[in-house]
Undergrad: 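There's a structure below that I have some questions on.
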Amino acid sequence: QVQLVESGGGLVQAGDSLRLSCAASGSTFSSYAMGWFRQAPGKERDFVCFISKSGDFAYYADSVKGRFTISRDNAKSTVTLQLNSLKPEDTAAYYCAATLYTSSVILATQYAYWGQGTQVTVSS
């Protein structure tokens, strides 16, 4: 089992950047591939990006490709999401999640462990 805690959210203006972090504990972090999802009020939780267990492969939703970057540090049991060129439509609660699946995983149901979320609000 793994516990996940996100941090780094906040209120920014369009075009700004943010860096979200997710700290893991309780299990071997490198055993899990990791993903980020986001959920706006009244909407479903949407896939944002995925990174493999070793960090050598990443996959992004089209809506964030070229603007967001996922990375991980297995020695520190952390996964980071760099958000650049933020848009108002990026406003949502952002969640990190852990999965034992090894290929690109875009469905929330494929992730076993979730953090509590961190809010990102982008004003126009």
Undergrad: Would you say Glu6's side chain and Cys96's backbone share a donor-acceptor pair under 3.5 angstrom?
TA: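 The answer is yes, because a donor-acceptor pair under 3.5 Å joins these two groups.
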Undergrad: Which heavy atom of Asp90 sits nearest a heavy atom of Arg67, and at what distance?
TA: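 Nearest pair, atom of Asp90 first, then Arg67: OD2-NH1, 2.7 Å.
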Undergrad: In this structure, would Ile51 and Val105 fall into the same cluster of hydrophobic residues linked by side-chain contacts under 4.5 Å?
TA: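 Different hydrophobic clusters.
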Undergrad: Between Val48 and Leu4, is there shared hydrophobic-cluster membership here, with clusters defined by ILVMFWY side-chain heavy atoms closer than 4.5 Å?
TA: yes
Undergrad: Report the C-alpha separation of Leu81 and Phe68 in whole Å, then their side-chain angles, then the decisive distance to 0.1 Å, and conclude whether the side-chain contact (heavy atoms from CB on, under 4.5 Å) test is met.
TA: CA-CA 7 Å; Leu81 182 63; Phe68 291 8; 4.1 Å; yes
Undergrad: Quick check: closest heavy atoms across Ser31 and Leu100, and the distance to 0.1 Å?
TA: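 For Ser31 and Leu100, the tightest heavy-atom pair comes out as O-CD2, 3.6 Å.
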Undergrad: Measuring from atom CD of Gln119 to atom OG1 of Thr91, what distance do you get when rounded to the nearest 0.5 angstrom?
TA: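 Between Gln119 CD and Thr91 OG1, I get 7.5 Å after rounding to 0.5 Å.
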Undergrad: Can you list every pair that meets side-chain hydrogen bond (donor to acceptor under 3.5 Å, both in side chains) and has a residue in residues 7-18, with sequence neighbours left out?
TA: Ser17-Asn84
Undergrad: Go through it in stages, so that I can follow the logic: the residues are Thr80 and Arg19, the test is side-chain contact (heavy atoms from CB on, under 4.5 Å), and I'd like the CA-CA distance, side-chain angles, deciding distance and then a yes or no.
TA: CA-CA 7 Å; Thr80 299; Arg19 188 176 181 90; 3.5 Å; yes
Undergrad: For Met34 and Ile70, work out which heavy atoms get closest and say how close.
TA: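 That closest heavy-atom pairing would be O-CD1, 4.2 Å.
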Undergrad: Counting only heavy atoms from other residues, nucleotides and ligands, does the tally under 6.0 Å from CZ of Phe57 exceed 12?
TA: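 Yes - once you tally the heavy atoms of other residues, nucleotides and ligands closer than 6.0 Å, there are more than 12.
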Undergrad: Could you report the tightest heavy-atom contact between Gln39 and Lys43, atom names first, then the distance?
TA: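 Reported closest heavy-atom pair: NE2-O, 3.0 Å.
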Undergrad: If you link I, L, V, M, F, W and Y whenever their side-chain heavy atoms are under 4.5 Å apart, who else ends up in the same group as Val5?
TA: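 Grouped by the 4.5 Å side-chain rule, Val5 forms a cluster of one, so the answer is none.
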Undergrad: Residues two or more places apart in sequence or in another chain: which of them pass side-chain hydrogen bond (donor to acceptor under 3.5 Å, both in side chains) with Lys65?
TA: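 Lys65 satisfies side-chain hydrogen bond (donor to acceptor under 3.5 Å, both in side chains) with Asp62 only.
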Undergrad: Can you pull out every ring-ring contact (aromatic ring centres under 6.0 Å, His included) where at least one residue sits in residues 6-47? Sequence neighbours excluded, please.
TA: Tyr32-Tyr113, Phe37-Phe47, Phe37-Tyr111, Phe37-Trp114, Phe47-Tyr59
Undergrad: The criterion is ring-ring contact (aromatic ring centres under 6.0 Å, His included); which residues satisfy it with Tyr95, sequence neighbours excluded?
TA: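 Partners of Tyr95 by the ring-ring contact (aromatic ring centres under 6.0 Å, His included) criterion come out as none, since no residue qualifies.
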Undergrad: Which residues pass the side-chain hydrogen bond (donor to acceptor under 3.5 Å, both in side chains) test with Ser21, not counting sequence neighbours?
TA: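 Scan of Ser21 (side-chain hydrogen bond (donor to acceptor under 3.5 Å, both in side chains), adjacent residues dropped) gives none.
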Undergrad: Yes or no on side-chain contact (heavy atoms from CB on, under 4.5 Å) for Arg38 and Val120, after CA distance, side-chain angles and deciding distance?
TA: CA-CA 9 Å; Arg38 64 187 182 184; Val120 172; over 6 Å; no
Undergrad: Using atom types as modelled and distance alone, determine if a side-chain donor or acceptor of Ser124 lies under 3.5 Å from a backbone N or O of Pro88.
TA: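 The answer is no, because no donor-acceptor pair under 3.5 Å joins these two groups.
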Undergrad: Do Phe50 and Ile106 share a hydrophobic cluster (ILVMFWY, side-chain heavy atoms under 4.5 Å, transitive)?
TA: yes
Undergrad: So which atom in Val2 and which in Ala24 form the shortest heavy-atom distance, rounded to 0.1 Å?
TA: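 In this case the closest contact between Val2 and Ala24 is CG2-CB, 3.9 Å.
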Undergrad: Enter the distance from Cys49:SG to Gln82:CD here, rounded to the nearest 0.5 Å.
TA: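 Here the interatomic distance stands at 11.5 Å.
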Undergrad: What closest approach, in Å, do Gly8 and Thr118 show between heavy atoms, and which atom pair accounts for it?
TA: N-OG1, 4.1 Å
Undergrad: Using modelled atom types only, decide if a donor and an acceptor are shared between the side chain of Arg72 and the backbone of Gly55 within a distance under 3.5 Å.
TA: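 No: the side chain of Arg72 does not pair with the backbone of Gly55.
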